Each structure stands twice: as structure tokens, then as C-alpha cells.
Protein chains: 2
Amino acid sequence: MRIGELATKTGVSVRALRYYEEQGLLASERSESGQRHYPDNAAGRVHLIQQFYAAGISSASILEMLPCVVTGEASPQVLATLRGHRSSVVRQIEELQATLRQLDSVIAGAVKSHDSGVPCPPG
Amino acid sequence: MRIGELATKTGVSVRALRYYEEQGLLASERSESGQRHYPDNAAGRVHLIQQFYAAGISSASILEMLPCVVTGEASPQVLATLRGHRSSVVRQIEELQATLRQLDSVIAGAVKSHDSGVPCPPG
DNA sequence: TAGAAACCTGACATTGACGTCAGAGGTAGC
DNA sequence: GCTACCTCTGACGTCAATGTCAGGTTTCTA
């Protein structure tokens with residue numbers, strides 16, 4: 001498929017896909033005229049990249065890990081990187097769960113005070 | 001306490017604390033000469049701000065929510081904002097958990113293949 | 001075979017939470 | 001009162017993942 005189709009299929013912009021290629025994260029075959037063509041599994045790859053970005057992992061680190069994610073194998077150095085990111089992800093989850101509890105308690109309190117007619121901010 | 005002490009106490013840079021004030025997130029009293037002075041509970045406030053930033057919430061949104069987090073009350077509009085952020089946080093947690101599973105499976109596979117002497121990348 | 005729509009490269013713009021530097025004034029221990 | 005360190009404002013720099021625009025080529029559709 002061409003880049004536009006991959007973009008709509010994944011919900012990622014064309015610009016972003018070109019950027020991924022620039023970073024070495026997403027390969028493409030080129031037609032005679034230079035247009036990019038992607039295999040069907042490219043969408044999965046894009047989702048994987050997005051997932052890592054969402055975890056705050058940089059392009060360079062993703063580049064390091066990607067082949068190992070695909071093949072399921074890793075050198076000791078890459079394994080260390082993977083474990084580092086793993087613990088970072090665990091920390092992030094814990095922080096977000098704390099944030100969630102915080103938000104829940106505020107929401108619960110707010111709903112109650114709204115029931116009793118005491119909104120905030122006043123006005 | 002002055003800004004430097006608050007910075008070391010919270011692990012947040014002096015620059016960041018000034019930025020929080022600039023955004024209206026963190027108040028301070030000023031001495032005769034213009035230096036900032038913070039009450040003891042400022043550290044807790046800073047941690048709260050950091051927590052929200054970590055959840056991908058913008059300064060403007062934090063500014064909207066903060067008084068309600070403190071007082072435990074919220075107007076209907078703010079309540080909607082809170083709920084929006086809540087579901088965003090839930091999504092983030094789910095995504096991170098998926099990422100965690102992904103990393104774990106790669107790590108498990110990598111450890112196994114390393115045991116059997118097949119590292120990746122080769123070399 | 002037009003003409004629209006998609007694609008190309010290249011390059012500058014954006015956003016947000018800070019980093020960093022300059023130049024000047026404040027504060028605390030000796 | 002000297003010295004070292006802290007703080008002030010203001011302003012420009014940074015970083016990373018895009019947005020956006022220009023100017024040109026390719027591909028699809030009527």
C-alpha cells in the first residue's frame with residue numbers, strides 16, 4: 001500500500017510516517033518513480049512504534065530495540081536497555097495510578113459537594 | 001523557605017519552580033527585596049503539579065483543576081475536565097500495560113535465546 | 001487526456017517545559 | 001565589611017515529534 005493508505009489505516013499522519021522512515025524505524029520499498037510502498041504488516045509496526053513513543057521512549061532507543069522485538073532476541077546491551085525501559089514503564093504506571101486515585105477522590109468529593117449545592121470555583 | 005531549598009527538597013529545578021509560578025500554579029510570598037518565600041506545604045503542591053504533568057496534562061488544565069483538588073469541590077465544567085483527564089489517564093495506563101507485556105515477552109525471549117547462545121543483533 | 005488527488009523532497013515553524021546565560025542585587029558566615 | 005553563595009528578571013536556546021508550506025512529479029478517474 002502507499003503512504004496515504006497506511007496513514008488512514010493507522011491514524012498516523014503522512015508526515016509522521018516519513019519521519020519514522022527518516023529515523024530508521026519504518027522501512028519502505030520504493031516504486032520506479034520514488035513513491036513509498038508498504039507491506040501489510042507495516043500497520044502493526046506503526047502501532048508498535050506509537051506504543052513505545054507513548055511510553056516516553058525516544059526514536060534512538062526504539063531503533064535499538066525494534067529488531068529484537070521483531071526477532072525476539074537481544075544482545076546483553078540491548079537487554080539492559082529493555083530492562084531499563086521496563087522499569088521506567090512500571091514507574092509510569094504506578095504514578096498514573098496515583099494520579100487516577102487523586103482524580104477519583106476529587107471527582108467523588110466534587111460530585112458530593114455539587115449535590116449539596118457548593119460548587120467550586122464559586123460563581 | 002526560599003526557592004533553592006524548595007528545589008532541593010522536591011528535586012525540581014529552580015527554573016521549573018519559577019515557571020510554575022509564571023503559569024499560576026504555585027504562589028509565593030515576596031520578601032522586601034523581592035525574593036520568593038514558600039510555606040511548608042509548597043512541596044506537596046509541587047509534587048501534585050509534577051504528577052499531573054506526568055499524566056500529560058497541560059499547565060492550563062492543571063490551573064483549572066488545582067483549586068478544586070485543594071478544596072475538593074468543582075463546578076460542572078471543571079468536573080467534565082476532570083472526567084476527561086480521568087479517562088485519558090485510564091487509557092494511558094492500559095497502553096503502558098500493553099507496552100509492559102510487550103517488553104516482558106521480548107525480555108523473556110531474549111533471555112532464553114541468550115541462554116542458547118543466539119544473541120541479537122548478531123555481532 | 002485533462003484535471004484532481006496523492007506523492008515527492010526540502011526546509012522552516014510549532015509546542016511546552018524547561019536549560020542556560022547575563023548582569024545586577026540580596027544574604028549569611030567569618 | 002569581605003566573600004561566597006543565593007536570588008532576581010529577562011531573554012534566547014533546546015529538544016523531539018510533528019505541522020505546514022513551496023514547488024514539482026506521479027497516479028487515478030472521468
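Owing to the predicted nature of the structure, the values given are computational and were not obtained by experimental measurement.
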By side-chain contact (heavy atoms from CB on, under 4.5 Å), which residues pair with [X], not counting sequence neighbours?
{"X": "A:Glu95", "value": "B:Ala54"}
{"X": "A:Val70", "value": "A:Arg45"}
{"X": "B:Glu21", "value": "B:Ser28, B:Arg30, B:Arg36, B:Tyr38"}
{"X": "A:Ser31", "value": "A:Ser33, A:Gln35, A:His37"}

- Residues from residues 80-96 of chain B sitting under 4.0 Å of DNA chain C, heavy atoms only? none
- Message: Between the opening five pairs and the closing five pairs of the helix from C:dT1-D:dA30 to C:dC30-D:dG1, how far apart are the helix axes, to 10°?
- Response: 20°
- Phosphate OP1/OP2 of D:dT9: any B:Arg15 side-chain N/O under 4.0 Å: no
- Message: Taking 4.0 Å as the cut-off, does a side-chain nitrogen or oxygen of A:Tyr20 come that near to OP1 or OP2 on D:dA17?
- Response: no
Check: [Y] and [X] side chains under 4.5 Å, non-hydrogen atoms:
{"X": "A:Gln23", "Y": "A:Leu63", "result": "no"}
{"X": "A:Gln51", "Y": "A:His47", "result": "no"}
{"X": "A:Val69", "Y": "A:Ile62", "result": "no"}
{"X": "A:Leu6", "Y": "A:Val14", "result": "no"}

- Query: Which pairs, with at least one residue in residues 71-93 of chain A and sequence neighbours excluded, count as a ring pair (Phe, Tyr, Trp, His ring centres under 6.0 Å)?
  - Reply: none
- Kindly state each residue pair satisfying ring pair (Phe, Tyr, Trp, His ring centres under 6.0 Å) with at least one member in residues 2-24 of chain B, sequence neighbours excluded. B:Tyr20-B:Tyr53
- Item | Inter-residue atom distance B:Leu82.CG - B:Arg86.CZ, 0.5 Å rounding | 11.0 Å
- Item | Strand-adjacent residues in residues 38-47 of chain A, judged by heavy atoms under 4.0 Å from DNA chain D | none
- Note on the structure: Residue set satisfying side-chain hydrogen bond (donor to acceptor under 3.5 Å, both in side chains) with B:Ser105, at least two apart, ordered chain then number -> none
- Query: What string of B, S and - do you get for nucleotides 23-30 of chain D, 5' to 3', if B is base contact, S is sugar-phosphate-only contact and - is no contact with any protein heavy atom under 4.0 Å?
  - Reply: ---SS---
- Query: Relative to the 5' end of DNA chain C, which residue comes earlier, B:His37 or A:His37, by the nucleotide with the nearest heavy atom?
  - Reply: A:His37
- When the nearest nucleotide of DNA chain C is assigned to B:Gln50 and to A:Glu5 on a heavy-atom basis, which residue is associated with the more 5' position? A:Glu5
- Task: Check whether any side-chain N or O of B:Ser88 sits under 3.5 Å from a backbone N or O of B:Gly84 as a donor-acceptor pair, and report yes or no.
- Result: no
- If each of A:Val14 and B:Gly4 is mapped to the nucleotide of DNA chain D with the nearest heavy atom, which maps nearer the 5' terminus, i.e. the 5' end? B:Gly4
- Query: Is A:Arg18 touching bases, backbone alone, or none of the nucleic acid, heavy atoms closer than 4.0 Å?
  - Reply: base
- Query: Between which nucleotides of DNA chain C, read 5' to 3', does contact with chain A run, using atoms under 4.0 Å from its heavy atoms?
  - Reply: C:dC7 to C:dA11
